[in-house]
Student: 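Have a look at this one.
Lettering of chains follows the sequences in order, A, B, ..., and the numbering in each one begins at 1.
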Amino acid sequence: MRLSPALVIGAALSLTAVGLAALSFFWTPYDVTRLTVAARLQPPSAQHWFGTDHFGRDIFSMVMVGARASIAVALVAVGVGAGLGVPLGLAAAARRGGWLDELVMRLNDLIFAFPSLLLAIMITATLGPGAFNAVIAIGIFNIPVFARVTRGAALSLWTRDFVLAARVAGKGAARISVEHVLPNVANLLIVQATIQFSLGILAEAGLSYVGLGVQPPMPSWGRMLNEAQTMIYVAPWFAIFPGLAIVLTVLGLNLLGDGLRDLSDPKVRRAR
Amino acid sequence: MIAFLVRRAATLALTLLAATAVIFVMLEVAPGDPAVTMLGLNASDEAVAALRAELGLNAPPLERYLAWLAGMLRGDFGVSYTYRTPIAELIADRLAVSGPLTLYALALSTLIAIPAGVHAAAHRGRAADAATLGLVQIGVATPNFWVAMLLVLAFSTGLRWFSAGGFPGWGDPLEAMRALTLPAVSLALPQAAILTRVMRSALIETMSEDYIRTARAKGLSERQALRRHALRNAMIPVLTIIGMQFSFLLAGAVIIENVFFLPGLGRLVFQGVVQRDLIVVKSVLTLLVLAVTLVTLAVDAAYAAVDPRLRARRR
Amino acid sequence: MSLLRIDRLSLRIGAAQVLRDVSLHIAPGEVLGVVGESGSGKSMTALSVMRLAPRGVAEGRVLFEGEDLLAASEARMCALRGAAIGMVFQEPMTALNPLHPIGRQVEEVIRLHRPDLDARAEARRALERAGLPADRVPHDRYPHDLSGGQRQRVVIAMATALRPRLVIADEPTTALDVTTQARILDLLRRLTAEDGAGLMLITHDLAVVAEMADRIAIMKDGEVVETDETVRLFRNMRHPYTRALFQASVHQPARRARPPGDEVLRAREVTREHVSRRGLLRRRTAFRAVDRVSLAIRQGENVGLVGESGCGKSTLARALLALEPLQGGAVTLCGAPFAPGAPPERRRHVQAVFQDPYDSFDPRWTVARLVAEPLHMLRPRPSRAEARRRAAAALARVGLGDEALDRYPHEFSGGQRQRIAIARALVCEPRLVVLDEAVSALDVSVRARILDLLAELSDRLDLSMLFISHDLHVVRAVTDRVAVMQAGRIVEEGPTERIFSAPRHPCTRALLEATPDLERALAARAARAPHEKEPAR
């Protein structure tokens, strides 16, 4: 099977981001907690690939460590969303028009009535800033997304003859949901997970940019950008590299999602 | 059609009511006593108790919730703990910045995305399409506050066309628009990327429908079929996204207003959060939820106007 | 001179050779029937004439009134399409723009080609001619207000509004009921005759062309295997494929007469309602899809259930399978009540085969697992090895070998899949199999073989079958008794031969008359033949 360029580039970018984050646990070019005032605000050079910040810390090392927070928060938020949303969606579709279906749809409406980032800010502000609360704030929006995608796909599967055949074979709704529906929506859910993952990284960056995400001294991409903003005239590299890290990671995940969707969509596959 | 809209409105009103309850409960469990916040940590216990009584904070929660709802229905949002001014006035001031900013950004996003999406779909698989798709991928991946920083770097420090922040007020409308331009562009670009992609794929999907083949069999050229038959059908998913973007732009404005030091609703709510001025937060959030709900209703009305099947189903 | 002359047309799309040296011709006023099974290239031939086929490499010539369409500019094609050549498509439900009123969609073709005419008046006239007068079907209606037959009339009005010299109809009635089909075919024939236009009628149904066409071209695998004047073609049938197609179309599986045994299934006064909530107050409104239907099926008996789409036959089938709760009446299976939630030991006695062979299988399961799925109803549960053995045995019964077990459904053709579906229905040795339009989606030659298989199985296993179909030929071929359904009720029931030879209810009679019948059509033609003028060359 031929892999699409989107899939290859997306996988490469995503793996690089995850790989650098993992590597940062063992090794970074410089210690990100050591302040070297003598080396402050240096432009990119052979010693400091991405330059240094106002405390003389190596920005490349900070970007590496910052990837941890972004990836961890977004990943756990996807886990929360899928873990709760998928079963809800499956159950709602299995009893279409029932009270659970109605409840899921109304909760869906309710959560979508809030501007998402604003509610996330509210939640972190209420519960206090920090990585764990950022996960909750972002994860809560993933629940209805996964519930809705699962429900929509499951509803159309429930009209298929093979589900009818399983019912004729005496299988109950729960068993059909697990044996027939879930495996057939899995592709769609994987694609949705990569999308929510990339949105989670953007949201985490936004939250830490306003100071509600991961707390110092852990570096995070969003807060680096916040700190860089006041120095944008003197040290533009401080603003550019963490931003590029966000863009490339999100781009990678989006391309990966597109590539996976094309791979699993028989319509596209046949057209190749 | 009227019945359809009334029914939608009723559902949305219920959603709105549920949303106010969620907001109330959330802020109820939030740590921090507003009376302490207002008087400072050194205030005497008696002073705090007196203020709590004055603010009506001692009543049972349900009673306070209902009082709050009733107040909002009268247009009385209460008094800010920190500013000591009626919240309605505060909000009106800030809305004069945030409202125009959101609409400006929405207009920009739509004006960029629809032609770009249509053009890409019409030239599917060719260079223009590939270039558009590449830009879309980058646009979708870029956080708007980073766009804002790059724009500031390029246009206010490099080229000095726009100011890097602040808002001169609406005394000079031209100057005001100039101050809103960079924020609006930074809000609009990532959204335009999303909308372009939706427009393109909706149009491509519509172009493969049977009725497009019928239109071609009538003697319409591909371009005519696209313009006369595909475009309006493709607008249905696009409308949904435009509606959702409104909510997104309102929220995105919180961060962008911080980047550009704009005195908008976003900054108001953010300062309210930081300063524990929860009654401001409560009011602004409710107002934004109301705005989102109204836009949803408007999108439903637009649906019904575009699609006769929807009008008929609820007749 | 021919109106249309296709000269050695070949078409390659990607790696696939879709058409190979296709040559056809149509004279003015002539009806050419193009017949073939799916994948024969008949639709691609039509789309190639319109130059609307998917991009590919075309060779040969398509001469329309002497002009080579393959060499014509796109602008020239736009001028011809709709004005000189009209086209009618298979699927009327999706062929119209859902957002435009029907009148406007017909007006468009007139405005486009003849700005000098009063488009509104012309469109009105065209719709009236197609049987949609404005006083009965207002022309500001939207497609979703119309039935399938009415929508197809709108498409025909569009195709014929400017009195084109050639009309191409691609399976125009496949998606419609037989009575609607008869009226639409009649309309097409009348309009093209009035205008003196040529008609290229594409269909998979030999009986339809036998009734309609002056000349017939038989296509297979992208080639025309035989073409001749209708009566002569059927008289000679020079090509073996033509003969095979003919035999499959009139095929009657051999069946042994068996004395019916005990009652297997009985439905008493069964009522099914579809409840929907609508309106401002979400009032419950109930639509009665099945209305107090009683039916009994005995051991070894094959019962047919016929009726047009929407008459409630599939809803009744689901009720008999105890998949949905009843609003009245009861179903008993082998003497015990049968309702949703019935114990597996009872449920295993009735199994089903559905219409769409491409939709009936979970694409992620192997055939072994799919066929064995009903086995979990057996007590004690068979072991994994035993389940596989039984699946293999069931597959052997339908003529498939062990090598099928570990493959996935997409590796099989439509006919093979339907065999797998039958194997799945047989695996737990039920007493009754419900076949809901089980052969409707199959090509005629495949269908004949599946019918043989079903007849053989019901004889050998002493199996009862409930055969649900809109196709009267199929039901006649394999059943002992037939029930005719209309608007949720059984209006006539009796032995198959009696129903077909002496129908009593007007609904039955209408169905029989509308059903195209190859032998009847040929007999009528033969009687007419001496007076019929030889079609122009």
Student: Given side chains that start at C-beta, do those of B/Val22 and A/Phe114 come closer than 4.5 Å, heavy atoms only?
Tutor: yes
Student: Please indicate whether B/Met72 has more than 12 foreign heavy atoms, meaning atoms of other residues, nucleotides or ligands, lying under 6.0 Å from its CE.
Tutor: yes
Student: Anything under 3.5 Å between a donor and an acceptor, one on a side chain of residues 279-293 of chain B, the other on a protein residue two or more places apart or in another chain? List them.
Tutor:
| residue | atom | partner | partner atom | Å |
| --- | --- | --- | --- | --- |
| B/Ser283 | OG | B/Ile279 | O | 2.8 |
| B/Thr286 | OG1 | B/Lys282 | O | 2.6 |
| B/Thr293 | OG1 | B/Val289 | O | 2.6 |

Student: So what's closer than 4.5 Å to chain A heavy atoms on B/Phe270: side chain, backbone, both or neither?
Tutor: side chain
Student: To the nearest 0.5 Å, what is the distance between CG on B/Asn144 and CG on A/Leu202?
Tutor: 8.5 Å
Student: Specify which of A/Val210, A/Leu253, A/Asp109, A/Asp258 makes the most heavy-atom pairs with chain B at under 4.5 Å.
Tutor: A/Val210
Student: Please check: side-chain N/O of B/Trp146 versus main-chain N/O of A/Ala239, any donor-acceptor pairing under 3.5 Å?
Tutor: yes
Student: Please rank B/Val295, B/Asn258, B/Thr142 by heavy-atom pairs under 4.5 Å with chain A and give me the top one.
Tutor: B/Thr142
Student: Return each pair, listed once, that meets ring pair (Phe, Tyr, Trp, His ring centres under 6.0 Å) where at least one residue sits in residues 186-207 of chain B; pairs must be two or more places apart or across chains.
Tutor: none
Student: At under 4.5 Å between heavy atoms, what parts of residues 131-140 of chain B are in contact with chain A? List them by residue number.
Tutor: B/Gln137, B/Ile138, B/Val140
Student: If you check every heavy atom in residues 240-248 of chain A against those of chain B, which residues fall under 4.5 Å?
Tutor: A/Ile240, A/Gly243, A/Leu244, A/Ile246, A/Val247
Student: To the nearest 0.5 Å, tell me how far A/Leu110 CG sits from B/Leu17 CG.
Tutor: 10.5 Å
Student: Please report the interatomic distance CE(A/Met105) to OG1(B/Thr11), rounded to the nearest 0.5 Å.
Tutor: 11.5 Å
Student: Could you look at A/Tyr209 and say if it's the side chain, the backbone, both or neither that has a heavy atom under 4.5 Å from chain B?
Tutor: side chain
Student: Determine whether more than 12 heavy atoms belonging to other residues, nucleotides or ligands lie under 6.0 Å from atom CZ of A/Arg106.
Tutor: yes
